[in-house]
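Each ligand, and each atom within it, is numbered from 1 in the order the structure gives. Note that this is a predicted model, so its numbers are computed, not measured.
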Amino acid sequence: MTVATAPGKVILFGEHAVVYGRPAVAVPITQVRAMAVVEDSPRPGVYVIAPDLHYEVSLADMDGQDALFVTLSQFQAAAGLKEWPDLIITVSSAIPIASGLGSGAAIAAAMIRALAIHLHRPELTNQAQLSALTYQVEKVHHGTPSGIDNTVVAYEQPVYFIRQQPQNYLEPLVVSRPVQLLVADTGVRSSTKVVVGDVRRQWQEETATFEAIFEACGQIALSGREALEQGNLPKLGQLMNENHSWLQKMTVSSPELDTLVQAAQTGGAIGAKLSGAGRGGNMIALIEPEQEEKIRQTLLAAGATNVFSSIIGK
Ligand code: PMV
């Protein structure tokens, strides 16, 4: 039996703009993880079981567009596996789905890791390989993903990321002092594919305006990276607030996200913003550790359905 996990993630700076070649900063959220368990099976075939979702399906019956099918076929091609042995793959995740925390990427990465170890293909657990395979699965969820989710989930380190050809630019970041975030859920589920498509339509109609917004977000990511490396919390907080304002101009915030961001900002957080595709999902607040309980209560009172703490760089 082989067990592997992969973390969730949040985008600190630069979501959406990253799709258009601007830099972004993302960090793993190690408190919530996806897990895959691979075991040899007494019954013939490959079965994927997700007990939390009361889901069980055999590879033979899977839809070709299914993310699980794409995960398995990507692995099979990369491993040069002619025939599958009989396996049971059990998948579970503490990462809420469709809420900006990278659950799809984490499930794919955990499955590929567990399969690679179980089937003696250690080269496929290499971070770059894992990230590349996970990217292929991200396409099912996102349409045109920038590649930042699979990167941060596979490397399990804060990353500064630029989508570019022929190869994305990627720099793992070293955080000089632990940075504490509260991650709060609006409880509203949102499709990244839909929101990214909507931003694209607006960009096509108002190219100059949207290019200027993306450029501003890119500059924020550049400064944010420096502030994170230096442990400059006031600067980080200010940049998060500014990034949120630009995301509002992109129309990817929502009343629920704005309420939580404002509650955090007025309730004592150093800074706050939505994280991920937006229109729902989670927001993040940068806080001083001694403020944690107070700001958690403020967020819950403002309608957050779930709040958890995550420390970056520890
Ligand atoms: O919703 P999430 O957390 O998967 O984030 C998507 C981030 C975007 O920048 C909106 C899209 C992308 O592919 O980078």
Please could you name the atoms of ligand 1 that [X] approaches to less than 4.0 Å, counting only its heavy atoms?
| X | result |
| --- | --- |
| V18 | 9 (O), 14 (O) |
| D149 | 2 (P), 3 (O), 4 (O) |
| I148 | 14 (O) |
| H16 | 8 (C), 9 (O), 10 (C) |
| E15 | 9 (O) |

What's the separation between atom [atom1] in [X] and atom [atom2] in [Y], rounded to the nearest 0.5 Å?
| X | Y | atom1 | atom2 | answer |
| --- | --- | --- | --- | --- |
| M111 | L72 | CE | CG | 4.0 Å |
| T71 | I107 | OG1 | CD1 | 9.0 Å |
| Q265 | L286 | CD | CG | 11.5 Å |

Exercise. With heavy atoms under 4.0 Å as the rule, classify the contact between E138 and ligand 1 as side chain, backbone, both or neither.
Key: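 Neither; no heavy atom under 4.0 Å.
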For residues 32-47, tabulate all N or O donor-acceptor pairs below 3.5 Å that involve a side-chain atom, not counting sequence neighbours.
from, atom 1, to, atom 2, distance (Å)
R33, NE, T5, OG1, 2.9
R33, NH2, T5, OG1, 3.0
R33, NH2, E156, OE1, 3.3
R33, NH2, E156, OE2, 3.0
D40, OD1, H118, NE2, 2.9
S41, OG, R43, N, 3.1
S41, OG, R43, O, 3.1
R43, NH1, E56, OE2, 3.3
R43, NH2, E56, OE2, 2.6

Quiz item: If you group Ile, Leu, Val, Met, Phe, Trp and Tyr by side-chain heavy-atom gaps below 4.5 Å, do I270 and L12 land in one group?
Solution: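 The answer is yes; both residues are in one hydrophobic cluster.
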Quiz item: Can V27 be reached from I220 by stepping across I, L, V, M, F, W or Y side chains whose heavy atoms are under 4.5 Å apart?
Solution: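 Looking at the clustering, V27 is in the same group as I220.
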Please indicate whether any nitrogen or oxygen in [X] is less than 3.5 Å from any nitrogen or oxygen in ligand 1.
| X | answer |
| --- | --- |
| G100 | yes |
| T144 | no |
| V19 | no |

Quiz item: Any salt bridge between R201 and E205, counting N to O under 4.0 Å?
Solution: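 No.
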Self-check item: E123, CD: over 12 other non-hydrogen atoms inside 6.0 angstrom
Solution: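 Counting other residues, nucleotides and ligands, CD of E123 exceeds 12 neighbours.
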Nearest to [atom], what protein heavy atom do you find, and at what distance?
| atom | value |
| --- | --- |
| atom 6 (C) of ligand 1 | T192 CG2, 3.8 Å |
| atom 7 (C) of ligand 1 | I11 CD1, 3.6 Å |
| atom 3 (O) of ligand 1 | K9 NZ, 2.5 Å |
| atom 12 (C) of ligand 1 | S146 OG, 3.3 Å |

Quiz item: How are the rings of F214 and Y20 set to each other: parallel, tilted or perpendicular (split at 30° and 60°)?
Solution: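 Because their plane-to-plane angle is under 30°, the rings of F214 and Y20 count as parallel.
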Quiz item: Does R163 come within less than 4.0 angstrom of ligand 1, counting non-hydrogen atoms of the residue?
Solution: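 No, R163 has no heavy atom closer than 4.0 Å to ligand 1.
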